[in-house]
Amino acid sequence: MVAFGKKLKERSIQEWQGYYINYKLMKKKVNQYGRQLQGGNLERRQVLKDFSKMLDNQIEKVALFMLEQQGLLASRLQRLRESHDALQEEPEISHIAYLKDGYRAVGHDLLKLLFFVEMNAIGVRKILKKFDKRFGYRFTNYYVKTRANHPYSELQQVYKHVGLGAVVGAVSRNLHELQNNQGSYLSIYDQPVLPLQDPVVDSIRAAVDRLTHSTNFLNFMAQHAFIMQQELPSPQDEEEAVEEDRRYHFMSLLLNLVNTFLYMVNTYIIVPTADDYSMSLGAAATVCGVVIGAMAVAQLFSSIYFSAWSNKSYFKPLIFSSIVLFIGNLLYALAFDFNSIAVLLIGRLFCGLGSARAVNRRYISDCVPLKIRMQASAGFVSASALGMACGPALAGLLQTRFKIYKLTFNQNTLPGWVMAIAWLMYLVWLAISFREPVLEPEESHSTSKDSNNSEAVQDGNLESGIKQPLLITSEEIEEQVEDEDDSEEASEESRAPVNSIGAAYRLLTPSVKVQLLIYFMLKYAMEILLSESSVVTTYYFGWSTSSVAIFLACLGLTVLPVNIVIGSYISNMFEDRQILLVSEIMVCVGILFSFNVLVPYTVPQYVCSGLIMFVSAEVLEGVNLSLLSRVMSSRLSRGTYNGGLLSTEAGTIARVIADVTITVAGYFGRDMLLNVTLLPSLVTCVVSIVATCFTYNSLY
């Protein structure tokens with residue numbers, strides 16, 4: 001590494017050294033913040049504010065220098081353009097050679113600037129990662145998200161290398177025009193791949209591709225998705241990219257998303273008819289809470305073993321899930337002819353035991369290339385929302401009755417029969433088309449270690465004042481690496497995945513516990529609204545199954561539009577913590593308006609209050625998971641007992657308690673059901689609002 005550092009120093013440009021980010025200073029500042037926080041001399045909010053300001057200033061210095069250099073290159077290109085135009089009137093071979101040399105000189109200087117941008121982009125990425133490692137939470141998510149699309153952010157200059165594309169295009173186009181292209185009427189815009197390009201153009205393209213690859217995590221980091229990442233994306237070499245693409249299989253991803261969709265349909269298709277089914281088997285209508293909740297009870301256990309199973313395979317868990325769901329739906333449908341509420345509940349328990357959502361999330365996190373992982377995550381959310389809407393809508397269409405031999409097909413049993421057939425067809429498709437990704441833990445570990453080593457060298461380069469090598473590439477940097485120090489390795493070991501729920505719980509900070517409480521609250525409120533909708537609307541308004549199905553389907557269809565509005569507009573105008581608190585208050589308002597007090601209960605009151613509660617809860621869920629991913633320990637980003645599992649378990653427990661509450665409240669009579677079930681929702685919501693106010697300053 002010493003020889004390598006000398007080599008870089010010899011090729012550095014002295015006059016540019018003052019315009020690089022001062023990585024060494026920022027690293028010292030991070031260590032200083034750590035000591036001050038441990039001593040209680042500084043608040044975390046103050047650390048975030050000071051460090052953000054320092055990093056903004058460093059990036060501004062880089063961005064302004066980039067603009068200055070781009071202006072100088074543009075001026076030189078303009079003068080060459082004037083000479084080029086004059087050449088059209090009086091062509092001279094010597095003049096053509098002069099212009100080519102001029103454009104090549106600009107190209108070489110452009111290469112210097114591209115490498116300057118790349119080194120600073122790597123420096124920003126690394127100091128953000130070091131900050132996250134040092135303090136145990138994800139400041140990077142906040143920093144990049146708030147500056148990714150802000151109109152005044154200089155970060156776009158560094159990570160989107162704004163303006164450099166025009167310079168690259170001007171050099172490439174003019175060198176192409178000066179080549180001997182007699183008889184050709186095509187420009188570079190007509191020929192995406194040009195033969196016999198000038199070597200400097202090839203070098204520029206390679207540098208641009210490398211720079212783009214080094215900074216492509218910007219858009220990914222700005223998304224609201226709770227598919228946990230092991231660590232921040234880093235530049236990959238060609239071999240790693242090829243390996244990542246080799247693991248990716250589009251049909252397998254599609255099957256994974258179809259599994260997500262079918263499971264959500266399976267969850268909600270019985271909601272409009274669960275009360276009628278219970279009554280037809282001799283139970284009370286409010287037993288529908290237990291029928292619906294049985295699936296969630298089983299999911300408490302299935303989430304754990306599916307999460308552990310996904311460490312070794314994806315194909316086998318999905319096969320097992322499909323078989324269990326097929327059996328569960330078959331039992332659900334046959335319970336009518338057996339006249340057994342026990343068979344009905346066992347069928348729903350089997351459906352819960354087939355919940356492979358942990359596998360669905362894990363597959364996207366581990367087996368989808370980073371460049372399309374954002375789209376895959378959006379597909380996961382969309383599939384879930386579509387399934388949630390299609391389930392009740394499909395139940396509304398199954399309003400018929402007939403018998404085949406001794407089997408009864410009616411609005412109660414048809415959801416089970418339809419889903420059993422759907423899972424059987426899915427099972428066949430899965431067996432034929434799914435491709436198990438290659439799991440190579442040892443090689444993955446080696447690759448991770450090599451990546452850490454590479455970053456250590458880049459640390460040394462930046463700290464030593466190595467500012468602008470002329471011809472050295474990122475690949476050469478990565479080939480000549482050593483560990484930064486033993487403490488870095490110790491830090492990595494201390495971030496090993498946890499091996500039990502208890503160990504995961506001990507890693508939860510107060511702010512994380514509040515976020516999980518909020519997640520519990522919103523899932524509880526949503527489950528109360530959805531699961532008792534059939535009983536409540538039948539009692540108060542005399543709604544048919546079709547009317548209930550339409551109402552629930554309309555609620556489900558609001559999910560995607562609301563998330564689009566929040567993600568595209570609202571989140572750019574307000575902080576996430578502000579949206580979080582307002583959403584909690586709106587959920588509370590929706591719950592309050594849902595109570596049946598004094599005046600006769602009306603359809604507009606129920607529909608409007610339900611819509612306010614559901615939409616606010618959807619907004620709250622997205623923002624809450626976004627904040628949760630930032631404050632949760634990095635040790636919970638991988639392994640069986642990860643952050644995704646914890647949030648899933650919190651939500652599932654909430655659903656179980658809500659469904660049990662509906663059944664217990666049935667003993668007070670249907671006239672009291674609404675108010676009795678809403679009261680715990682209101683109390684939980686108020687508690688979560690108070691807890692949020694106490695931890696408001698720790699959220700960012």
Side-chain angles (χ1 to χ4, degrees), residues 226 260 263-272 274-275 278 286-304 306-307 325 328 332 344-345 347-358 360-361 384-385 387-389 391-392 515-536 552 555-556 559 587 590-591 594 610 613-614 616-618 620-622 624-625 628 644-666 673 676-685 687-688:
F226 200 61
T260 300
Y263 186 78
M264 293 302 291
V265 172
N266 210 148
T267 301
Y268 291 99
I269 193 173
I270 73 157
V271 173
D275 57 335
S278 301
T286 51
V287 174
C288 70
V290 174
V291 174
I292 297 171
M295 195 169 179
V297 171
Q299 191 178 345
L300 284 172
F301 303 98
S302 66
S303 296
I304 297 175
F306 271 118
S307 181
L325 282 160
Y332 183 86
L344 184 72
L345 293 174
R348 288 297 285 177
L349 284 171
F350 265 76
C351 290
L353 291 174
S355 171
R357 288 179 68 80
N360 302 146
R361 283 194 179 98
S384 300
M388 186 178 182
Q515 298 303 108
L516 291 175
L517 171 64
I518 294 171
Y519 195 66
F520 175 93
M521 177 273 293
L522 68 91
K523 285 297 182 183
Y524 182 91
M526 290 175 67
E527 189 71 9
I528 289 290
L529 172 66
L530 298 175
S531 295
E532 72 176 12
S533 58
S534 182
V535 179
V536 170
L552 294 177
L555 287 181
V559 174
V587 170
I591 294 172
S594 297
M613 188 194 311
F614 187 83
S616 300
E618 280 298 326
L620 182 59
E621 181 174 7
N624 181 65
L625 291 180
L628 189 59
L645 176 65
L646 291 180
S647 61
T648 299
E649 292 292 277
T652 304
I653 291 173
R655 290 171 52 203
V656 170
I657 296 176
D659 291 324
V660 171
T661 302
I662 293 172
T663 301
V664 173
L673 175 67
V676 171
T677 54
L678 286 175
L679 189 59
S681 297
L682 180 62
V683 172
T684 310
C685 188
V687 170
S688 71

Just jot down the side chain to side chain contact (heavy atoms under 4.5 Å, CB included) partners of [X], sequence neighbours excluded, or say none.
| X | result |
| --- | --- |
| T260 | R357, N360, F380, A383, S384 |
| A298 | L349, L353 |
| V664 | V660 |
| V676 | A665, F668, M672 |

Return the [atom1] to [atom2] distance between [X] and [Y], rounded to the nearest 0.5 Å.
| X | Y | atom1 | atom2 | result |
| --- | --- | --- | --- | --- |
| T267 | I292 | OG1 | CD1 | 10.5 Å |
| C685 | L682 | SG | CG | 7.0 Å |
| F306 | Q299 | CZ | CD | 10.0 Å |
| T684 | L522 | OG1 | CG | 11.0 Å |
| M388 | M264 | CE | CE | 6.0 Å |
| Y268 | L552 | OH | CG | 9.5 Å |

Working note: M613 + I528, criterion side chain to side chain contact (heavy atoms under 4.5 Å, CB included); need CA distance, chi angles, decisive distance, verdict.
CA-CA 11 Å; M613 188 194 311; I528 289 290; over 6 Å; no
By side-chain hydrogen bond (donor to acceptor under 3.5 Å, both in side chains) - contacts of [X] (at least two apart):
| X | result |
| --- | --- |
| Y524 | T661 |
| S302 | none |
| S688 | E584 |
| S681 | none |

Those residues that, when tested against E618, pass salt bridge (charged side-chain N to carboxylate O under 4.0 Å, His left out) (two or more places apart)
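Here no residue qualifies.
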Does E649 have any salt bridge (charged side-chain N to carboxylate O under 4.0 Å, His left out) partners at least two apart in sequence or in another chain, and if so, which?
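E649 satisfies salt bridge (charged side-chain N to carboxylate O under 4.0 Å, His left out) with no other residue.
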Test side chain to side chain donor-acceptor pair (under 3.5 Å) on R361 and S307; report intermediate values, then the result.
CA-CA 9 Å; R361 283 194 179 98; S307 181; over 6 Å; no
Run K523 and E621 through side chain to side chain contact (heavy atoms under 4.5 Å, CB included) and show every step you take.
CA-CA 9 Å; K523 285 297 182 183; E621 181 174 7; 3.4 Å; yes
Residues F614, V559; criterion side chain to side chain contact (heavy atoms under 4.5 Å, CB included); working and verdict
CA-CA 9 Å; F614 187 83; V559 174; 4.0 Å; yes
What residue pairs, at least two apart or across chains, pass salt bridge (charged side-chain N to carboxylate O under 4.0 Å, His left out) with a residue in residues 288-301?
none
Would you list the pairs meeting salt bridge (charged side-chain N to carboxylate O under 4.0 Å, His left out) in which at least one residue belongs to residues 290-302, sequence neighbours left out?
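Passing the test, one end in residues 290-302: no pairs.
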Any donor-acceptor N/O pair, S533 side chain to L530 backbone, under 3.5 Å
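Judged by distance alone, yes, a pair lies under 3.5 Å.
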Output yes when a side-chain donor or acceptor of T663 lies under 3.5 Å from a complementary backbone atom of T286, and no otherwise.
yes
Report the C-alpha distance between E532 and D275 in whole Å, list the side-chain angles of each, state the deciding distance to 0.1 Å, and finish with yes or no for side chain to side chain contact (heavy atoms under 4.5 Å, CB included).
CA-CA 9 Å; E532 72 176 12; D275 57 335; over 6 Å; no
Strictly by modelled atom types, are R655 and S531 linked by a side-chain donor-acceptor pair under 3.5 Å?
no
